[in-house]
Amino acid sequence: MATNQKLFKTRNIGIIAHIDAGKTTITERILYYTGRVHKMGEVHNGEATMDWMLDEKERGITITSAVTSCNWQGYTINIIDTPGHVDFTIEVERSLRVLDGAIGVFSAVEGVEPQSETVWHQADRYGVPKIAFINKLDRIGADFFRSVEMLRERLGAFPMILQLPWGAEDKFRGVIDLLNMKAIAWEDETLGAEFEEYPIPSELEEEAAKYREILLETLSDKDDAIMEKYLSEEEIDVSELKQAIRSATVSMKAVPILCGSALRNKGIQPLLDGIIDLLPSPLDVPAILGHVPDSGKEEYRKATDKGPFSALAFKVLMDQGRKMTYMRVYSGTAKVGDSVYNPGKNVKEKLARLLKMHSNKRERVDHASAGDILAVMGLKQATTGDTLCNEENPILLEPIQINEPVISIAVEPKRVQDEDKLMDVLAKLSDEDPTFRFRIDDETGQTIISGMGELHLEIIATRIRRDFNVDTNQGKPQVVYRETITRPVEHEEVFQRELAGEQHFAGVKIQLSPLPRGGGNQFLNRCEHPDLNEDFLHAIREGIEEEATSGVVMGYPVIDVETVLKGVQINETYSDYMAFKVAAAKAFRNACENGHAILLEPIMKAEILIPEEFMGEVIGDLNSRQGKINQIANSGPVQVLSASVPLSKMFGYSTSLRSLSQGRGTFSMQFSHYDKR
């Protein structure tokens, strides 16, 4: 029963929103009012507890999700504060994967913003129940009801208004609580730590009664017990209303709406009450589903300490050169020194230390149990999305969905002696961030780093310099073109030369023909010379293949060409392997020069998700980039536009798309084929 009580009094929540909606400010207030910190840190001063990285302090934005915990009215609340910038959506993705509930924060001025849509739909995909908090009601232009309507229209949410604003803009005083039908105002002198309850002001009585009635109607539609009392006009107890609201929230049938102004310290305590009263505990969410590795059989793990241990590693952080892994425990228990099994990598590792995190500060704990979100030291092999379990009861949990990088730049160390160090640093950063990749381009020798956007790569470059002390130069990656011929051509080449006192002779006649794009290179032997043996034929093929690696236009590889061997000249005394290889190579090169060789450039398949109102501008921009629209399909509130575009025209496209679509467009891009430049 103690275990169930602990889980019943646990809330694992995330705070999600568009950049600058006030997520980190709300988290700071929560930590202050719950006594977790004794001084409120402000984002604009670079003093926010949760924004601990130097880049976060300097830029005033959240880059990496930070974990903390606090206590409110006997309940433990584990909080993950997530970034709002589109370049860091992996931080939101992996946080939502392990959370039971979320608070969506919306600015009352801007309403539902682009990244709010993205993170909201991510939460929907993972089945995470949500509360909406309309923030910044003290700002000029704040409009509570417009924001609520945008939740309905843009997010497809069913809003359930539990609070109304008391006052607006610079006259914003507090909130009207529609459950208790009271007005709440906060004291500025105590930084919002103290508040008073008042009767609802007369000018707001009518509006409050109207929205209380709407709330009761909504709840009676979703709860039979409430409906019975509502229709018979019986008094409905507040605890019954809360239970009905909680049930609608947990089942994702409705989204409770609370409001306030975090920066002015108004509305946070009722939000904390809402987290406890309305969001699910680990016991309220469905048992986690996994698969038994060998049999593939489905298995559910309930949130209980008594079952076999299972956890998901959802984040990796390099901490002073050592690897720290964040995990969410779904079932069972583990203690320091225990061995855990990673079925995805088929390795056993030891839990060297277990840490309860408060942003970048830590507190050692002895054991982990169901419902906990902790950091672990000692796991060398675990990466984002790996399952940790007992070897005797293995299970593979659903991994975390990881988006493919969409933009690349080339980097090189400023000092030659830092080359090995740079490779080591990039490997560590890619371990930490699965949306960051790096590779050495075989053809150019450049080190190419890839990520989710310009800001993402800018932060990576800054971290390479600041955290690892490696100075780099950055530039756009070189586009690797290809070459081909445009018409059939026949050529005969005779090689006859004396080398080191020995005569060498060979004659080769070939025909080259262009193949369709993607056809590759082909070699056919149609020569019927009786003395053409396998050795000579291999020399001819090798000479042609080697020459095809460097074309005649700009030295790029030649592709989509069919080479037919039509004839050879052989001298019994002087013909040898080397002579045929050289003759074939020269024949191929000269034939390419006569075959009207051209450059081919890499064409990317781009898939763009865009609200319909921006379609015209986006299509016009793609046309200016020599793009070709392949398909336009409807996908709920957005249009999915598929296009083929030259890679050379797509550098910086993520920035352009955001500008064209007010930040609401997203895209992914992958190589499709080579085509005429």
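Please read these numbers as outputs of a predicted model, since none were measured by experiment. Note that these values count all heavy atoms, side chains included, but never hydrogens, waters or copies made by symmetry.
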Q: Quick one: closest heavy-atom pair of Leu279 and Gly101, and the distance?
A: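 Minimum heavy-atom contact is CD2-CA, 4.4 Å.
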
Q: What are the two closest non-hydrogen atoms of Ile275 and Ile131, and how far apart are they?
A: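 Nearest heavy atoms, Ile275 then Ile131: N-CD1, 4.1 Å.
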
Q: Look at the side chain of Asn12 and the backbone N and O of Gly371, then say whether any donor-acceptor pair between them is shorter than 3.5 Å.
A: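 Yes, because the side chain of Asn12 sits within donor-acceptor range (under 3.5 Å) of the backbone of Gly371.
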
Q: For residues 365-374, which residue pairs pass the salt bridge (charged side-chain N to carboxylate O under 4.0 Å, His left out) check, not counting sequence neighbours?
A: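 Pairs touching residues 365-374 that pass the test: Lys6-Asp372.
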
Q: Could you work out, with side chain to side chain contact (heavy atoms under 4.5 Å, CB included) as the rule, every residue matching Ser220, not counting sequence neighbours?
A: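 Side chain to side chain contact (heavy atoms under 4.5 Å, CB included) list for Ser220, sorted by chain: Ile226, Met227, Tyr230.
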
Q: Donor-acceptor pair, Arg439 side chain versus Ile448 backbone, under 3.5 Å?
A: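 Side chain of Arg439 to backbone of Ile448: no pair is present.
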
Q: Go through the structure and list residues passing ring pair (Phe, Tyr, Trp, His ring centres under 6.0 Å) with Phe106, not counting sequence neighbours.
A: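 Once residues adjacent in sequence are excluded, the partners of Phe106 under the ring pair (Phe, Tyr, Trp, His ring centres under 6.0 Å) criterion are Trp120.
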
Q: Let me see the working for Asp221 and Lys253 under salt bridge (charged side-chain N to carboxylate O under 4.0 Å, His left out), right down to the final yes or no.
A: CA-CA 11 Å; Asp221 280 347; Lys253 290 176 182 168; over 6 Å; no

Q: Ignoring hydrogens and angles, tell me if any N or O in the side chain of Ser430 forms a donor-acceptor pair with the backbone of Leu426 under 3.5 Å.
A: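 Between the backbone of Leu426 and the side chain of Ser430 there is a qualifying donor-acceptor contact (under 3.5 Å).
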
Q: Looking at every non-hydrogen atom in both residues, tell me the closest pair between Ser69 and Lys356 and how far apart they are.
A: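 Where Ser69 meets Lys356 most closely, the heavy atoms are OG-CE, 3.3 Å.
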
Q: Spell out, as yes or no, whether a donor-acceptor pair under 3.5 Å connects the side chain of Ser281 to the backbone of Thr10.
A: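 No, because the side chain of Ser281 does not come within donor-acceptor range (under 3.5 Å) of the backbone of Thr10.
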
Q: Check whether NZ of the Lys or CZ of the Arg Arg328 lies under 6.0 Å from the centre of the six-membered ring of Tyr330 and within 45 degrees of that ring's axis.
A: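 Because its charged atom sits under 6.0 Å from the ring centre and within 45° of the axis, Arg328 does stack over Tyr330.
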
Q: Among residues at least two apart in sequence or on other chains, which ones pass side chain to side chain contact (heavy atoms under 4.5 Å, CB included) with Lys380?
A: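 Scan of Lys380 (side chain to side chain contact (heavy atoms under 4.5 Å, CB included), adjacent residues dropped) gives Glu349.
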
Q: How close do Pro256 and Leu162 get, counting heavy atoms only, and between which atoms?
A: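 Looks like CB-CD1, 3.7 Å.
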
Q: What residues form a side chain to side chain contact (heavy atoms under 4.5 Å, CB included) with Gln631, not counting sequence neighbours?
A: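 If we apply the side chain to side chain contact (heavy atoms under 4.5 Å, CB included) test to Gln631, skipping adjacent residues, the hits are Ser642.
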
Q: Ignoring hydrogens and geometry beyond distance, is a side-chain donor-acceptor pair present between Gln73 and Asp273 at under 3.5 Å?
A: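 A donor-acceptor contact under 3.5 Å links the two side chains.
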
Q: Would a 4.5 Å heavy-atom cut-off, applied to side chains only, mark Tyr126 and Leu99 as touching?
A: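 Tyr126 vs Leu99: side chains apart.
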
Q: Quick one: closest heavy-atom pair of Asp284 and Val250, and the distance?
A: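 What the structure gives for the nearest pair is O-CG1, 4.1 Å.
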
Q: Using the side chain to side chain contact (heavy atoms under 4.5 Å, CB included) criterion, which residues pair with Phe468? Sequence neighbours excluded.
A: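 For Phe468 the side chain to side chain contact (heavy atoms under 4.5 Å, CB included) partners, ignoring immediate neighbours, are Val425, Lys428, Leu429.
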
Q: Do the side chain of Asp305 and the main chain of Ala370 share a donor and acceptor less than 3.5 angstrom apart?
A: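 Side chain of Asp305 to backbone of Ala370: a pair is present.
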
Q: Do Phe314 and Thr325 make a side-chain contact, defined as non-hydrogen atoms from C-beta onward lying under 4.5 Å apart?
A: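 Not touching, per the 4.5 Å side-chain cut-off.
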
Q: Specify the closest pair of heavy atoms between Leu354 and Ala368, including all atoms of both residues, with the distance to one decimal.
A: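 For Leu354 versus Ala368, the nearest heavy atoms are CD1-N, 3.8 Å.
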
